> 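Supplied in structure tokens, the structure appears directly below.
Labels below follow one simple rule: chain letters A, B, ... track the order of the sequence lines, proteins then strands, and each chain is numbered from 1. In what follows, every heavy atom counts, from backbone to side chain, and hydrogens, waters and symmetry copies are set aside. This one's a predicted model, so the numbers in the text were calculated from it and none came from an experiment.
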2 protein chains.
Amino acid sequence: MVNSRPSRPPTIYDVARTAGVSKSLVSLVLRGSPSVSEARRTAVLEAVEQLGYRPSQAAATLAGATTRTIGVVIDDFRNLWFVSLLQGLQEGLAPHGFRIAVSDHTMNAHVEAGPLDGFLAMRVDGLVIATEPTPAMRVPVGLPVVVAGSRLGVVLGADVVADDDRLGGRLATEHLLELGHRRLGHLTGDGGAARLRAEGFRDAVRARGLRAPEVRGAGRTTEEDGYRAARRLLDEAPATTAVFAANDTMAMGALAAARERGLRVPEDLSVIGYDDSPIAATHLLQLTTVDGRNAEVGAAAAERLVRRVTTTADEPVRTALLTPRLMPRSSCAGPRDG
Amino acid sequence: MVNSRPSRPPTIYDVARTAGVSKSLVSLVLRGSPSVSEARRTAVLEAVEQLGYRPSQAAATLAGATTRTIGVVIDDFRNLWFVSLLQGLQEGLAPHGFRIAVSDHTMNAHVEAGPLDGFLAMRVDGLVIATEPTPAMRVPVGLPVVVAGSRLGVVLGADVVADDDRLGGRLATEHLLELGHRRLGHLTGDGGAARLRAEGFRDAVRARGLRAPEVRGAGRTTEEDGYRAARRLLDEAPATTAVFAANDTMAMGALAAARERGLRVPEDLSVIGYDDSPIAATHLLQLTTVDGRNAEVGAAAAERLVRRVTTTADEPVRTALLTPRLMPRSSCAGPRDG
DNA sequence: TACGCTTATTGGAGCGCTCCAAAAAGTGAC
DNA sequence: GTCACTTTTTGGAGCGCTCCAATAAGCGTA
């Protein structure tokens with residue numbers, strides 16, 4: 001008979017006892033205090049190892065320690081734009097000993113009362129909101145929050161780090177214009193970022209004295225939306241030679257629509273996306289896109305968060321707008337006949 | 001001057017005071033006890049609302065409550081196979097009041113000492129390991145653990161829920177054979193799932209008395225690996241008419257290689273993937289693939305976990321193998337000339 | 001009005017830590 | 001050996017909750 005009673009995990013007292021020291025000393029060792037003799041330190045560490053001791057995050061938090069955890073709210077795991085954001089965050093936070101807890105907003109929608117409740121209950125030290133902020137996202141005063149990636153939808157007292165979507169939209173559009181395209185279209189959606197990118201598109205098109213259609217799918221910015229929007233665009237304006245999609249996922253849908261029409265990319269139709277997500281860099285797509293600097297956005301968010309968490313000073317709220325960058329790949333070229 | 005001192009969050013005592021009741025009563029209300037008078041209940045809830053009170057997860061956990069949280073270890077956010085797994089888990093867990101905490105294994109590799117330490121420190125009620133388990137994943141006795149998606153790499157005392165990768169590999173291969181292909185190849189990688197799928201491939205090929213090459217990229221199963229492996233395959237066996245890739249991501253690379261060689265899919269080359277990940281269902285790929293039943297795997301994992309967490313009985317370790325299913329789409333067809 | 005019984009409410013103990021002030025152990029100069 | 005320090009180690013208080021036993025309140029009924 002194996003004793004498999006879920007024997008509750010060992011505590012700091014257990015470690016103290018087997019190491020022959022006081023619980024306080026164990027605590028000091030675990031938190032890396034310099035004023036502990038080498039002998040005791042090793043004794044404690046051995047006891048830890050032997051017992052398989054893992055400090056209770058709960059007890060530590062309760063006892064006033066900070067959780068050293070930053071909550072990150074993502075909108076949807078399926079759209080990969082957040083990957084480099086997360087990476088930038090991670091890299092900016094790790095050196096300061098902060099860990100990240102990720103939560104998918106749409107997925108947890110039914111579980112919690114509010115989208116932030118889980119994180120608030122676990123007393124995260126800070127929050128990164130990488131979605132369109134909703135009014136339900138009420139944040140307690142004093143909790144450092146950074147809205148990353150979106151600059152619309154205000155969260156009171158939150159810093160904002162985002163790339164300049166409007167500029168990015170202009171960049172993408174100007175790239176198409178410079179290649180010689182005059183009949184272009186934009187595939188857009190309902191989100192804030194999409195709106196700004198559409199504005200950039202409009203800016204660039206108007207600056208050339210052109211008019212160009214903006215089409216949407218079902219309002220979201222999925223592959224399906226991109227596909228539908230592109231079909232509609234190609235129906236209504238068959239002479240179109242270039243398409244700017246609000247993000248890479250939509251661009252993927254546009255590529256599908258183009259193929260369906262027998263249009264080669266980029267020979268017959270140029271397609272440009274936005275986000276420089278992992279799928280854009282694949283051999284299959286080689287999608288020209290706009291790098292929204294998500295890694296840098298993440299790094300900047302990390303930096304802001306660390307500053308706010310570690311300093312007591314009352315820093316003013318800041319908005320940082322990073323400059324997007326064109327990522328030319330193989331999905332854009334000049335139009336067949338100028 | 002606004003008082004923006006990070007005033008620490010209100011406690012249960014604050015709520016009790018403003019509601020004019022005892023802290024215990026507040027606790028009862030919050031945990032939905034039936035034996036609380038309506039008057040007090042509303043008084044408490046109003047106080048909660050007014051103060052913006054959020055119970056401290058840490059204190060609750062420490063005081064003996066369970067965390068109602070299941071930790072999920074994912075290998076890499078970029079490979080989307082886990083999405084439906086997560087969804088299945090979520091749906092199975094939510095009705096029982098469990099929440100999910102996700103962590104990306106490769107991303108957190110540098111942060112924590114062990115891959116599970118974060119979860120252990122937060123005292124999760126159970127664990128889902130959706131990666132190849134590594135020896136470093138030592139799990140405390142009594143903690144319910146389910147290894148999901150992979151059946152190799154044993155974690156002591158853990159249940160296993162996975163699809164039958166070997167059978168799936170056979171299914172995929174037989175599909176190609178039935179379509180009439182005789183010159184086929186397999187793109188594989190180093191992981192355990194890949195190994196099993198390769199075995200299935202071998203089984204099916206041998207059963208027909210054929211021989212067929214298995215190629216790998218750099219050992220992983222990324223798009224890049226798929227691309228490189230496919231190129232190599234097409235170099236070495238240019239007459240190949242069908243390719244079975246170890247997963248959808250690799251299949252995507254194979255599609256790229258095919259296009260580069262001027263091979264149309266499926267007319268000149270059939271490509272089948274594995275996982276039925278979100279990218280397979282896109283309009284652009286319409287990839288024939290094998291559904292690894294990840295949603296069901298997730299659901300089954302949830303069910304096992306809930307059972308183990310809520311019953312004290314000492315259930316024996318179980319391995320459940322779900323039957324994979326072919327998902328025919330448009331990337332496979334018969335060979336041009338039989 | 002008092003009695004038992006059920007239902008609603010309360011205070012106290014304790015979960016496993018951190019933090020702090022205080023005690024113990026070293027260390028060197030006299 | 002003593003004294004004044006410095007370095008290392010310790011016990012106690014308390015974080016915000018849950019759980020439990022105990023009390024208070026309500027409610028019929030004798």
> So do the side chains of A/E132 and A/D75 get within less than 4.5 Å of each other, counting heavy atoms only?
no
> Quickly, which of B/V161, B/D159, B/V160 forms a side-chain contact (heavy atoms from CB on, under 4.5 Å) with B/R318? Name it, please.
B/D159
> Taking the minimum atom-to-atom distance to the side chain of B/A60, which one of D/dG16, D/dT18, C/dT10 wins?
D/dT18
> With B/I100, which of B/V128, B/V124, B/L93 fulfils side-chain contact (heavy atoms from CB on, under 4.5 Å)?
B/L93
> With a 4.5 Å heavy-atom cut-off, do B/L143 and B/L120 have their side chains touching?
yes
> Need to verify one output field. Residue with the more 5' nearest nucleotide on DNA chain D, A/S37 or B/P55?
A/S37
> Take atom CE of B/M122 and atom P of C/dG16, then tell me their distance rounded to the nearest Å.
18 Å
> Check the phosphate of D/dT8 against A/R40, side-chain N and O only, distance under 4.0 Å to OP1 or OP2. Yes or no?
no
> C/dT10 phosphate, OP1 or OP2: any side-chain N/O from B/S22 under 4.0 angstrom?
yes
> Which nucleotide in the list C/dG16, D/dG16, C/dT9 gets nearest to the side chain of A/T11?
C/dG16
> Hey, is the side chain of B/R31 poking within less than 4.0 Å of OP1 or OP2 on D/dC19, counting only N and O atoms?
yes
> Respond yes when some side-chain nitrogen or oxygen of A/S27 is under 4.0 Å from OP1 or OP2 of C/dT18, and no when none is.
yes
> Taking only the side-chain heavy atoms of B/I12 (C-beta and beyond), determine which of D/dG16, D/dG11, D/dC17 contains the nearest atom.
D/dC17
> Once you round it to whole Å, what is the distance between C1' of D/dT18 and CG of B/L28?
10 Å
> Is any side-chain nitrogen or oxygen of A/Y53 closer than 4.0 Å to OP1 or OP2 of C/dC17?
yes
> Start at the 5' end of DNA chain C and walk down; is the nucleotide closest to B/Y13 or to A/A63 reached first?
B/Y13
> Check every atom of C/dC17, D/dC17, D/dT9 against the side chain of A/V36 and return the nucleotide holding the closest atom.
D/dT9
> For A/L305 and A/F98, run side-chain contact (heavy atoms from CB on, under 4.5 Å): C-alpha distance rounded to whole Å, both residues' side-chain angles, the deciding distance at 0.1 Å, then the answer.
CA-CA 10 Å; A/L305 237 24; A/F98 287 92; over 6 Å; no
> Checking all strands, does B/S24 fall into the base, sugar-phosphate, or nothing category for heavy-atom contacts under 4.0 angstrom?
base
> Among the nucleotides C/dA8, D/dT18, C/dG16, which one has an atom lying closest to any side-chain atom of B/K23?
D/dT18
